[in-house]
Amino acid sequence: MPEGDAVYRTAARLRGALDGRVLTRSDFRVPRHATADLSGRTVLENLSRGKHLLTRVEGGLTVHTHLRMDGSWRVLPAGRRTAPGDQVRLVLANEQWQAVGVRLGVVDLLKTADEHRVVGHLGPDLLGDDWDPAEAVRRLRETPERTIGEALLDQRNLAGIGTIYRAETLFLRGVWPWRKVGDIEDLDALVTLAQRLLAANRTHAATVTTGDRRPAGQTWVYGRAGRPCRRCGTRISRGEMGAQPQERLILWCGDCQPR
Ligand SMILES: [Zn+2]
């Protein structure tokens, strides 16, 4: 599932292809907006808020998309055919480029003035210009009984973390994922580290938390179940956190992250 850094890069690609250019075609392949037509409007800007993407167009409209589990935006030269079998949900095209949204989890069109309805619930964006660690900590502390693992994935607390950054951040801080939020003293250091990890990866496609860019060396625990911990040699554990059907993967070292 794409995390905040991947969504940030997607917004940058959309910006390069669409911002400041007049749309010559739009194709919403979702029932709710099947008749919408944005052609003739200039795209003002593309931005990410946590894992949400906002494409603002002339006339006070915003296209809201979310990649969810396996969606993506591809940028192709105008006129190029998309691959057969692609589940295209939305196309935004100008004379030079077409942005093709494949398997998007959310495709919505709303007034720019109403954006708060889709992103207003989000906590501070780890990759936003307005990143505010103190506010993220304040929101986390509102549910002291919750496990830190679940709280970090709740985008209302802070926006942009998915299962990879959750696992890596908790490992690096030596925090057992099921520890209660209220039992963690230095939440500030935790959210600051998460922000640094995302920021370090926002310009390239690999998720590297170890400083080692080689494919086998990029993470401490994520993707390493059953393999020896890079610090202590203990086998990395793998489990699931959260109530069904929302449970999500967690990896940790039982020695480096004691109960
Ligand atoms: Zn370890």
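Note that this is a predicted model, so its numbers are computed, not measured.
- Side-chain contact check for V107 versus R29: every heavy-atom pair is 4.5 Å or farther apart.
- At distances below 3.5 Å, not a single donor-acceptor pair connects side-chain atoms of T234 with backbone N or O atoms of C229.
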Query raised in the report: What's the verdict on side-chain contact (heavy atoms from CB on, under 4.5 Å) for M1 and K51, showing C-alpha distance, side-chain angles and the deciding distance?
Result: CA-CA 10 Å; M1 182 188 228; K51 300 192 224 171; 4.2 Å; yes
Query raised in the report: Could you walk me through whether L90 and V30 pass the side-chain contact (heavy atoms from CB on, under 4.5 Å) check?
Result: CA-CA 8 Å; L90 173 60; V30 291; over 6 Å; no
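- Hydrophobic cluster membership is shared by L172 and L153, with clusters built from Ile, Leu, Val, Met, Phe, Trp and Tyr side chains linked at under 4.5 angstrom.
- Of the possible donor and acceptor atoms, none in the side chain of E168 sits under 3.5 Å from a partner among the backbone N and O of R166.
- Side-chain atoms of L92 and V43, non-hydrogen and from C-beta on, never get closer than 4.5 Å to each other.
- Residues G50 and A159 come closest through the heavy atom pair CA-CB, 3.6 Å.
- A salt bridge does not link R139 with E142: every distance from a Lys NZ or Arg NE/NH1/NH2 to an Asp or Glu carboxylate oxygen is 4.0 Å or more.
- Few gaps surround CD on E240; more than 12 heavy atoms of other groups in view lie less than 6.0 Å from it.
- Side chain of D114 to backbone of R117: no donor-acceptor contact under 3.5 angstrom is found.
- By the 4.5 Å heavy-atom criterion applied to side chains, Q195 and T192 are not counted as neighbours.
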Requested in this report: May I have the step-by-step check of side-chain contact (heavy atoms from CB on, under 4.5 Å) for L126 and L197, ending in yes or no?
Outcome: CA-CA 10 Å; L126 287 120; L197 293 177; over 6 Å; no
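- Although no hydrogens or angles enter the test, the distance criterion places a donor-acceptor pair under 3.5 Å between the side chain of T210 and the main chain of G217.
- Atoms CG and CG, from L140 and L158 in turn, are 6.0 Å apart once rounded to the nearest 0.5 Å.
- Counting heavy atoms from C-beta on, the side chains of R173 and I184 never come closer than 4.5 Å.
- L53 and L44 end up in different hydrophobic clusters when Ile, Leu, Val, Met, Phe, Trp and Tyr side chains are linked at under 4.5 Å.
- Taking CG of L18 as the reference point, atom CH2 of W97 lies at 10.5 Å (rounded to 0.5 Å).
- In this structure, D125 and Y8 have side chains that are not in contact, with every pair of non-hydrogen atoms separated by 4.5 Å or more.
- Formation of a donor-acceptor pair under 3.5 Å by the R89 side chain with backbone atoms of L104 is found in this model.
- The CG atom of D19 sits 5.0 Å away from atom CG of N46, with the distance rounded to the nearest 0.5 Å.
- In the model, T209 has no side-chain atom that pairs as donor or acceptor with a side-chain atom of T219 under 3.5 Å.
- Taking SG of C256 as the start and CD1 of I236 as the end, the distance is 7.0 Å to the nearest 0.5 Å.
- C253 approaches V221 most closely through the heavy-atom pair N-CG1, 4.3 Å.
- Of all heavy-atom pairs spanning R21 and A17, the tightest one is NH1-O, 3.2 Å.
- For the side-chain hydrogen bond (donor to acceptor under 3.5 Å, both in side chains) test with T62, the passing option among K111, E115, E45 is E115; the others fail.
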Query raised in the report: Which is it for D86 and R81 under the salt bridge (Lys or Arg N to Asp or Glu O under 4.0 Å) test, yes or no, and what are the steps along the way?
Result: CA-CA 11 Å; D86 272 356; R81 293 183 69 88; over 6 Å; no
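- Atom CG of L110 and atom CG of L61 lie 8.0 Å apart (nearest 0.5 Å).
- Checking side-chain atoms of D108 against main-chain N and O of H64 turns up no donor-acceptor pair under 3.5 Å.
- Panel note: side chain K180, backbone T143; no donor-acceptor pair is recorded below 3.5 Å.
- Within 6.0 Å of atom CZ in R156, 12 or fewer heavy atoms from other residues, nucleotides or ligands are found, so the atom counts as exposed in its surroundings.
- Remark: of the listed residues W252, F171, Y165, F171 is the sole one forming a ring pair (Phe, Tyr, Trp, His ring centres under 6.0 Å) with W220.
- Between V7 and P2 the shortest heavy-atom distance is CG2-CB, 4.4 Å.
- Listed here is the closest heavy atom pair of N201 and R9: O-NH1, 2.7 Å.
- The cluster map of Ile, Leu, Val, Met, Phe, Trp and Tyr, joined by side-chain heavy atoms under 4.5 Å apart, puts L122 and V118 in the same cluster.
- Applying the 6.0 Å contact sphere to CZ of R235 captures no more than 12 heavy atoms from other residues, nucleotides or ligands.
- From T147, atom OG1 reaches atom CH2 of W176 across 9.0 Å, with rounding to the nearest 0.5 Å.
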Requested in this report: Test D154 against R146 for side-chain contact (heavy atoms from CB on, under 4.5 Å), laying out the working first.
Outcome: CA-CA 11 Å; D154 188 335; R146 220 168 166 201; 2.9 Å; yes
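- Between Q257 and R179, every side-chain heavy-atom pair lies at or beyond the 4.5 Å cut-off.
- Sparse packing is recorded around CZ of R238, with 12 or fewer heavy atoms of other residues, nucleotides or ligands lying under 6.0 Å away.
- Considering only heavy atoms from C-beta on, V106 comes within 4.5 Å of R68 through its side chain.
- Side-chain atoms of L170 and L152, non-hydrogen and from C-beta on, do get closer than 4.5 Å to each other.
- Hydrophobic clustering (side-chain heavy atoms under 4.5 Å, transitive across Ile, Leu, Val, Met, Phe, Trp, Tyr) groups W131 together with L193.
- A continuous path of Ile, Leu, Val, Met, Phe, Trp and Tyr side chains, each step under 4.5 Å between heavy atoms, connects W73 with L109, placing both in one hydrophobic cluster.
- Not a single donor-acceptor pair under 3.5 Å links the side chain of Q98 to the backbone N or O of V91.
- Of all heavy-atom pairs spanning P177 and I148, the tightest one is O-CG2, 3.5 Å.
- Under a 3.5 Å cut-off, the side chain of E247 and the backbone N or O of M241 do not form any donor-acceptor pair.
- Annotation: E95, atom CD; neighbour count of heavy atoms from other residues, nucleotides and ligands within 6.0 Å does not exceed 12.
- Counting heavy atoms of neighbouring residues, nucleotides and ligands inside a 6.0 Å radius, atom CZ of R41 exceeds 12 of them.
- Side chain of R224 to backbone of P228: a donor-acceptor contact under 3.5 angstrom is found.
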